[in-house]
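Naming: A, B, ... by sequence-line order, numbering from 1 per chain.
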Protein chains: 2
Amino acid sequence: MSARATTRPGGRSARVQQSVHQAVRDLEAEVGRGALTVPLIAARAGVTPSTVYRRWGDLRELLSDVAVERLRPDAPPADHGGLRADLEAWTVQFAEEMSSAPGRTYIRDALLGDPGQGSAVRCSDYAAEQLKAIGVRAAGRGEAVPDLETLLDVVVAPLMYRILFRPSELSQAYVGRLVAAALGRAGSPSGT
Amino acid sequence: MSARATTRPGGRSARVQQSVHQAVRDLEAEVGRGALTVPLIAARAGVTPSTVYRRWGDLRELLSDVAVERLRPDAPPADHGGLRADLEAWTVQFAEEMSSAPGRTYIRDALLGDPGQGSAVRCSDYAAEQLKAIGVRAAGRGEAVPDLETLLDVVVAPLMYRILFRPSELSQAYVGRLVAAALGRAGSPSGT
DNA sequence: CAGCCTAATGCGAAGAAATTGCGTCTGCCG
DNA sequence: CGGCAGACGCAATTTCTTCGCATTAGGCTG
């Protein structure tokens with residue numbers, strides 16, 4: 001599950017976590033991701049390596065923790081006045097962010113670092129929350145809304161599959177087809 | 001791209017590669033995946049650690065290489081006399097293999113161990129080849145065959161997304177719905 | 001078939017990273 | 001105000017990683 005904020009903000013643990021996270025982000029930009037090591041990060045954060053090892057276990061879990069933070073949406077999905085427009089805009093932005101070089105790195109870090117897959121679940125939940133918000137808003141307008149599971153299957157899953165397994169271009173036309181396919185199934189339940 | 005067989009079978013390089021791969025498989029079963037280290041593997045394989053580092057770079061790439069081998073299909077998809085039956089059987093088997101504990105481990109190793117994503121592409125190609133074989137056979141029977149890209153989007157992608165990001169149960173009913181969705185789109189092109 | 005030539009491996013040392021025990025300190029709670 | 005549990009710093013030890021150099025295997029040419 002990686003390290004979450006266990007103590008209140010202002011406590012020492014919280015300060016250490018924040019400091020280490022910041023050190024990772026800084027060093028990622030300065031020396032590149034490949035050159036990151038625990039001792040290096042610890043030195044920048046002003047803590048000893050053993051602290052990092054005890055809190056996060058190893059470098060991968062720490063990077064996973066940081067990556068999840070970066071993948072967290074910073075705002076609710078933009079409102080374009082209609083389900084199709086909202087969904088298209090969100091999907092385009094999502095595809096661009098995730099298929100970019102940094103995006104791919106964050107996804108891989110998030111997936112790789114956490115043995116219990118907790119990080120991966122959180123990533124999926126982020127997308128699900130955004131889609132759900134779009135759906136709720138559309139339902140408020142009286143529109144027929146596709147099932148959340150269907151959206152994940154038809155829109156998110158193909159995008160992520162191509163990003164992870166087939167590093168090719170994701171054309172806007174392709175993204176449009178995914179959205180169209182999702183809307184064509186409005187209301188049809190999927191489930192697991 | 002990891003290390004491939006560069007010399008002919010029987011050469012020393014080939015022997016070393018085979019020996020190291022075998023050591024990984026053996027030790028994975030004996031001490032568990034988490035306890036694997038390069039020096040340990042090298043000792044078992046009868047080579048020096050530096051040889052492993054030179055050929056594979058690091059432990060992750062080596063594990064990625066081995067994982068891809070294990071994910072390679074060992075036989076063409078079974079023939080059940082019809083497209084739907086073939087597709088359903090293949091999908092069920094694929095889902096079972098990939099969602100099992102070892103399957104998930106191999107996928108993660110293959111996916112995340114290779115910086116160039118060459119391993120991931122190979123994994124995707126394996127599935128694509130199997131699906132293509134099913135399609136060719138069905139076309140020979142005169143059946144309408146779904147586009148390969150559509151199959152990847154509608155069947156493979158959702159399965160892999162759930163396996164990687166949402167470690168929940170993959171019910172046979174869910175697999176059946178995926179196949180049904182794919183057949184419902186027979187012939188409609190997708191593309192990238 | 002003999003001998004060269006490239007590339008991969010073995011070996012060993014040096015440097016870096018990971019792990020662990022123990023003492024200290026912070027900050028929460030009675 | 002004082003105790004207590006958990007987290008951190010420090011330092012020694014172990015293990016992993018990298019690198020230069022010598023050696024050898026195997027392919028290739030004459």
Apply the hydrophobic cluster definition, ILVMFWY joined by side-chain contacts under 4.5 Å directly or through others, and give me every member besides Tyr126(B). Val68(B)
State, yes or no, whether a side-chain contact exists between Val155(B) and Phe94(B) at a heavy-atom distance under 4.5 Å. no
In whole Å, I'd like the distance from the CZ atom of Arg54(A) to the C1' atom of dG21(C). 9 Å
What is the separation between atom CG on Leu59(B) and atom C1' on dC16(D), rounded to the nearest whole Å? 11 Å
Of Thr37(B) and Arg15(B), the one whose closest nucleotide on DNA chain D sits nearer the 5' end is Thr37(B)
For atom CZ of Arg12(B) and atom C1' of dG10(C), their distance in whole Å: 8 Å
Using the side-chain heavy atoms of Ser50(B), tell me which of these nucleotides is nearest: dT9(C), dG12(C), dA7(D). dG12(C)
Suppose we screen for side chain to side chain contact (heavy atoms under 4.5 Å, CB included). Which residues come up paired with Pro76(A), at least two apart in sequence or across chains? none
Hey, can you pull the residues of residues 24-31 of chain B with a non-hydrogen atom under 4.0 angstrom from DNA chain C? none
Spacing between Arg55(A) atom CZ and dT19(C) atom C1', to the nearest angstrom: 19 Å
Can a side chain N or O of Thr51(B) be found less than 4.0 Å away from OP1 or OP2 on dG10(C)? yes
Are a donor atom and an acceptor atom from the side chains of Gln93(A) and Glu97(A) found within less than 3.5 Å of each other? yes
Only residue of Arg33(A), Arg104(A), Arg60(A) satisfying side-chain hydrogen bond (donor to acceptor under 3.5 Å, both in side chains) with Asp109(A) is Arg33(A)
Whole-Å gap separating P (dA17(C)) and CG (Asp58(A)): 15 Å
Pairwise side-chain contact, Val47(A) with Ile41(A), heavy-atom cut-off 4.5 Å (strictly under): no
